[in-house]
Amino acid sequence: MSNPPVIAAVDGSDHSLRALEWARTAALSRGTGLLVAHVLPDVSQLYAGRRSSLHDPNEPERFADPVGDYVRGVLEAAPELPREVRYEALEGSVPEALRVIAAEAAPTMLVMGSRGRGGFATLLLGSNSRAVATTATCPVVVVPHADRDAPRADAPGGAPGTDPPGTDPPGTDPPGTDPHGAGASAGRVVLGLHAAETPEDVLLFAFAEAAARGTTVQVVSAYAVPPGPTLIVDSPFQVIPPEALADDGDAVPAEREMLRSQTQRLAPLRTRYPDVPVEQAAVPGDAAGRLVDASRTAALVVVGRHHPRRRSLLMGSVANAVLQHAHGPVAVVPALHPDEDA
């Protein structure tokens with residue numbers, strides 16, 4: 001594949017097939033190839049090892065690979081395929097095998113489901129998804145399972161006549177809902193930004209994805225709320241276009257300063273992607289909660305993995321919380337050029 005491909009990690013489960021479909025459309029929108037990777041089951045790995053060690057020509061070369069066969073059938077039924085599709089059957093543990101192929105293929109992104117075949121059904125995020133998102137050398141998009149989709153009136157479990165706040169047409173939200181919450185993020189790429197710390201690679205990924213999708217980047221940053229006698233909890237955030245950032249705006253000083261820090265940090269990206277609309281939002285306190293809320297309707301939520309100057313294998317608290325609770329796809333982007341951000 002001449003251009004960096006999109007890797008889809010599959011295991012044949014419904015969760016991984018959702019990720020495969022997301023990866024297929026991402027490869028189409030970016031005009032690149034699709035690399036479908038899956039780790040062979042233990043029995044197939046044992047057979048391959050036995051045949052290799054015995055050097056027995058009478059043993060058939062091809063071993064059972066039901067996942068690979070099934071996934072090929074699923075893709076053949078798709079309405080459109082990327083210009084090049086390649087399949088890789090991997091050996092070893094799932095996290096390590098995916099880390100290796102990601103390092104070798106240098107993909108645009110690696111896409112996987114939030115949960116595989118194993119584990120407990122109640123887990124929000126599987127151990128393999130967490131391990132790959134924490135350590136991979138490329139952006140990792142985790143697509144949640146269907147149970148985490150935001151409920152709608154026409155979906156099982158949705159209350160009749162109700163939708164999540166922000167998904168109704170303007171002016172029809174019931175009293176007490178957030179008119180600038182999830183609905184304000186509909187179809188957008190939502191970027192969680194710490195103006196002073198988020199690596200440039202995270203911003204570049206968000207803008208490139210928005211450009212490929214022909215949509216808006218909505219930038220969300222949080223500012224600290226000093227303790228005081230009155231604390232407004234869960235107040236709505238206002239999405240603000242750049243031209244609205246006037247000196248005499250209505251924003252509180254901390255919010256106004258955060259918005260100006262955003263504007264300064266985003267200036268090079270606006271120059272590089274002049275056709276990508278940008279919306280800015282500053283929220284008090286909890287950035288993770290706002291990003292999770294935005295994930296109900298966003299096309300993608302993009303977060304950095306951790307502080308670029310902390311060489312830790314631990315994921316940052318915001319990225320971890322969003323991965324655990326998001327209702328839609330989340331991209332966890334490492335510092336791809338850490339020396340430049342250090």
Side-chain angles (χ1 to χ4, degrees), residues 1-10 16-39 68 71-72 74-90 95 97-113 129 132-133 135-143 187-191 198-217 268-277 298-305 329-341:
M1 297 182 181
S2 55
N3 294 328
V6 172
I7 295 181
V10 299
S16 75
L17 293 183
R18 284 169 61 93
L20 175 63
E21 175 60 17
W22 200 96
R24 181 186 72 85
T25 58
L28 285 171
S29 67
R30 286 177 174 256
T32 188
L34 176 64
L35 172 57
V36 183
H38 76 282
V39 178
V71 169
R72 281 181 171 86
V74 170
L75 276 181
E76 287 173 2
E80 184 181 2
L81 291 178
R83 61 187 181 186
E84 183 180 358
V85 179
R86 186 158 59 92
Y87 299 86
E88 288 282 352
L90 311 176
L98 293 179
R99 281 195 293 266
V100 169
I101 195 170
E104 293 175 349
T108 301
M109 67 187 83
L110 186 155
V111 186
M112 62 190 306
S129 304
V132 175
T135 58
T137 55
C138 67
V140 175
V141 177
V142 178
V143 180
R188 290 157 169 74
V189 172
V190 177
L191 167 65
T198 302
E200 194 73 8
D201 295 306
V202 183
L203 282 72
L204 286 170
F205 181 87
F207 273 77
E209 184 65 18
R213 292 174 173 271
T215 190
T216 298
V217 171
L269 280 302
R270 286 198 178 97
T271 301
R272 183 166 178 173
Y273 294 93
D275 297 328
V276 174
L300 180 67
V301 174
V302 180
V303 293
R305 188 158 73 195
V330 177
V332 180
V333 184
L336 303 178
H337 308 89
D339 293 339
E340 296 178 8
D341 295 296

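Every value quoted in this text rests on a predicted model; they were computed, and no experiment measured them. Note that the numbering runs from 1 along the sequence shown for the chain.
- Residues Phe205 and Val189 have side chains not in contact (no heavy-atom distance under 4.5 Å, counting atoms from C-beta outward).
- Looking at Arg30 and Asn3, their side chains never come closer than 4.5 Å, going by heavy atoms from C-beta outward.
- In this structure, Arg72 satisfies the cation-pi test against Tyr87, with its NZ or CZ atom closer than 6.0 Å to the six-membered ring centre and inside 45 degrees of the ring normal.
- A donor-acceptor distance shorter than 3.5 angstrom exists from the side chain of Thr108 to the backbone of Pro4, with no hydrogens or angles considered.
- Note: Leu110 CG to Arg99 CZ = 11.5 Å, rounded to the nearest 0.5 Å.
- Contact annotation: the side chain of Val302 never approaches that of Glu209 to less than 4.5 Å [non-hydrogen atoms, C-beta and beyond].
- Side-chain N or O atoms of Ser29 include none that pairs as donor or acceptor with a backbone N or O of Ala212 at under 3.5 Å.
- Of the residues Val190, Val330, Val202, Leu191, the one that meets the side chain to side chain contact (heavy atoms under 4.5 Å, CB included) test with Val303 is Val330.
- One finds no salt bridge joining Arg86 and Glu84 here, because no Lys/Arg side-chain nitrogen approaches an Asp/Glu carboxylate oxygen to under 4.0 Å.
- In this structure, the side chain of Ser129 engages the main chain of Gly113 through a donor-acceptor pair within 3.5 Å.
- Inter-residue side-chain proximity for Ile101 and Leu35 is flagged as met; some heavy-atom pair is nearer than 4.5 Å.
- Side-chain N or O atoms of Arg24 include none that pairs as donor or acceptor with a backbone N or O of Ala8 at under 3.5 Å.
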